[in-house]
Amino acid sequence: MTLHLYNTLSRDKEEFVPVDPDRVTMYVCGPTVYSYAHIGNARPAVVFDVLVRLLRHLWPNVVYARNITDIDDKINAAAQEQGVEIGVITEKFEKIYLADMAAIGVTGPDIDPHATDHIPEMIAMMEKLIAEGHAYAAEGHVVFDVPSFPEYGGLSRRDQDELLAGARVDVAPYKKNASDFVLWKPSTPDLPGWGSPWGRGRPGWHLECSCMIEKHLGRTIDIHGGGIDLVFPHHENEIAQSTCAHGGDTFVRYWLHNGFVNVDKEKMSKSIGNVLLVHELLKQAPGEAIRLALLSAHYRQPLDWTDDGLAQAVKMLDRLYGALRTLSDVDADPSAEPDEAFLRALGDDLNTPQALAALFELARQANTAEDPADKARVKSALLKSANLMGLLTQDPEDWFAGDDEDGDGPDADEIEHLIQARKDARGAKDFAEADRIRDDLAAQGITLEDGADGTKWRRG
RNA sequence: GGCCCGGUGGGAGAGAGGCUAUCCAGCGGAUUGCAAAUCCGUCUACACCAGUUCGAAUCUGGUCCGGGCCUCCA
């Protein structure tokens with residue numbers, strides 16, 4: 001199969017051809033760790049997790065890096081507010097981020113570079129940019145000279161003259177041009193700082209990605225991903241820094257950007273108070289359902305997050321796991337290939353909704369198959385395909401057993417015991433007693449399903 | 001203002017010049033002691049107006065509406 005990806009650079013779907021098929025490289029802008037991850041942070045993590053799984057299916061060696069931004073003004077503010085070192089904040093929230101992402105099926109990247117571990121690389125890149133006339137030092141700052149890079153604005157299709165003329169923010173006095181951006185800024189004694197040729201200071205936001213990509217992945221990488229809001233200025237600035245530091249070498253070949261998550265049709269914002277934390281959502285639904293809800297729309301489309309959408313994702317998983325459950329009498333072939341239609345959908349710019357449709361077609365086949373060989377084939381394809389999206393990763397019985405959150409519901413043994421009692425009652429044609437047992441269980445959130453091979457149950 | 005996206009059935013959401021997307025919900029049937037699950041069938045669609053075409057939800061132009069970015073942002 002061929003993989004086609006929508007490249008923000010060309011605003012077109014292109015066939016993905018890695019520069020080196022033996023080492024496919026991908027970098028994704030990760031979190032700034034100063035608070036809990038919200039559902040909008042989770043989207044790129046999940047989307048690019050699916051992409052890296054697909055890449056690994058197609059190529060033998062994929063190197064995936066996702067950074068941790070651990071120095072930033074918001075982090076500094078949080079640290080000052082709480083009267084602690086920034087490391088206290090960043091270590092805490094990095095752990096939480098990783099745990100929350102793991103809960104929604106996001107496996108860690110191969111490399112997770114931290115900004116503060118790359119200060120020497122940043123200084124080296126700034127020295128090089130200054131030496132080549134692409135940056136200048138002024139008042140303790142190091143500033144990128146945007147007009148020195150004529151292609152600036154190419155990714156976001158912005159006209160440099162307009163950028164120069166139309167800056168809506170007051171232009172800092174140390175900048176030569178309104179569109180210039182800061183690579184390094186001076187720190188006051190109460191702020192974190194590192195020694196540099198320009199005095200004690202700290203990095204601006206954009207430089208870390210350029211340096212970490214160069215160090216860990218190389219001068220030219222295949223894929224760079226992130227949220228669509230990063231196109232300008234963040235990725236535009238990365239292109240400027242890296243291209244100028246590398247004598248004009250191509251920096252990134254395919255730029256991928258995911259759409260925003262809105263909440264009930266509104267943009268998430270602290271002022272509206274509608275910021276949904278993954279941490280909180282995990283109390284509302286299983287992580288796998290959150291993952292599926294994020295994948296139920298195409299990654300480039302805006303996604304409107306609603307309680308109803310999450311509830312629907314749970315039902316979709318009920319259906320898929322239900323199909324898997326009917327196939328519990330056959331074994332899946334671990335060496336099987338994913339379903340063809342499913343792969344084709346993912347290969348078409350990660351069309352996850354269409355890939356899900358292929359999964360549901362397999363589920364229908366699972367529910368109608370009778371021949372054991374057929375069942376085994378369907379089960380293998382369903383599992384292989386779904387796993388490629390990070391779905392159907394648990395045993396169906398565990399999915400249906402659910403979480404007895406309050407701990408006041410009946411446990412599996414009790415349920416099995418009652419099912420046996422009901423079976424006895426049914427055998428004696430005492431349907432009143434059988435129905436009483438079933439109704440009792442239903443009142444405790446347990447649904448029974450009678451099948452040819454006995455009675456199954458599920459919570460919820 | 002500049003640049004860029006969208007408007008699909010009751011809801012979510014793909015697709016795309018002629019062929020059932022899919023899921024949830026509804027309705028009818030099968031199955032079931034009755035249910036649940038499942039299967040089969042089925043009703044509401046492609047914002048509006050022109051144009052191109054044998055044929056347009058899909059292409060072109062325009063109109064209306066909504067959203068994003070324009071140096072905090074995933």
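Letters A, B, ... are given to chains in the order of the sequence lines, protein chains preceding strands, and every chain is numbered from 1.
Relative to the ring axis of A/Y6, A/R300 places its NZ or CZ within 45° and under 6.0 Å from the centre. For the pair A/R66 and A/Y27, the cation-pi criterion (under 6.0 Å, within 45° of the ring axis) is not fulfilled. In this structure, A/K176 satisfies the cation-pi test against A/Y136, with its NZ or CZ atom closer than 6.0 Å to the six-membered ring centre and inside 45 degrees of the ring normal.
Ion pairing of A/D435 with A/R422 is absent here, as no side-chain N (NZ or NE/NH1/NH2) approaches a carboxylate O to less than 4.0 Å. A salt bridge between A/K185 and A/D73 is present, with a side-chain N of the basic residue lying under 4.0 Å from a carboxylate O of the acidic one. Under the 4.0 Å criterion applied to side-chain N and carboxylate O atoms, A/R377 and A/D374 are assigned as salt-bridge partners. Taking 4.0 Å as the cut-off between side-chain N and carboxylate O, A/D339 and A/K384 do not count as a salt-bridged pair.
At least one donor-acceptor pair closer than 3.5 Å links the side chain of A/E236 to the backbone N or O of A/S156.
Checked by distance alone, A/R438 brings a side-chain donor or acceptor within 3.5 Å of a matching partner on the base of B/A35.
Remark: P of B/A74 and NZ of A/K74 are 6 Å apart, rounded to the nearest angstrom. The separation between A/Y321 atom OH and B/A37 atom C1' is 18 Å, rounded to whole Å. Atom pair A/I71:CD1 and B/C72:P shows a separation of 17 Å (rounding to whole Å applied). We find that CG of A/N274 is positioned 19 Å from P of B/C73, with the value rounded to whole Å. Taking atom CG on A/N258 and atom P on B/C4, their separation rounds to 20 Å, with Å as the unit. Between A/L292 atom CG and B/A12 atom P there is a gap of 16 Å when expressed in whole angstrom units. The nearest whole Å value for the distance from the CZ atom in A/F431 to the P atom in B/A35 is 13 Å. Going from atom CG of A/L324 over to atom C1' of B/U38 covers 15 Å, rounded to whole Å.
Residue-level contact check: A/G40 touches the bases, meaning some heavy atom is under 4.0 Å from a base atom. Residue contacts for A/H257: at a heavy-atom cut-off of 4.0 Å it reaches no nucleic acid atom on any strand shown. Residue A/R422 is in base contact, counting any heavy-atom pair closer than 4.0 Å across all strands shown. Counting any heavy atom pair closer than 4.0 Å across all strands shown, A/R157 reaches sugar-phosphate atoms only and no base atom. A/D435 comes within contact range of at least one nucleobase, with a heavy-atom separation under 4.0 Å.
Going from the C1' atom of B/U22 to that of B/U63 covers 33 Å, rounded to whole Å. Across the C1' atoms, B/C64 and B/U38 are found 46 Å apart, a figure rounded to whole Å. On the C1' atoms, B/G10 is 11 Å away from B/C43, given to the nearest whole Å. Nucleotides B/A74 and B/C69 place their P atoms 12 Å apart, quoted to the nearest Å. Rounded to whole Å, the separation between the C1' atoms of B/U20 and B/A14 comes to 14 Å. Taking atom P in both B/A37 and B/G28, the straight-line distance is 16 Å, to the nearest Å.
A ring-centre distance under 6.0 Å is found for A/H235 and A/H257. For A/W184 and A/H141, the ring centers sit 6.0 Å or farther from each other.
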remark   = Counting primed atoms, P, OP1 and OP2 as sugar-phosphate and everything else as base, the B/S/- map of nucleotides 18-32 of chain B against protein heavy atoms under 4.0 Å is ---BSBSS-------
What nitrogen or oxygen pairs link the protein and nucleotides 67-69 of chain B at under 3.5 Å?
{"residue": "B/C69", "atom": "OP1", "partner": "A/K267", "partner atom": "NZ", "Å": "2.3"}
{"residue": "B/C69", "atom": "O2'", "partner": "A/R158", "partner atom": "NH2", "Å": "3.3"}

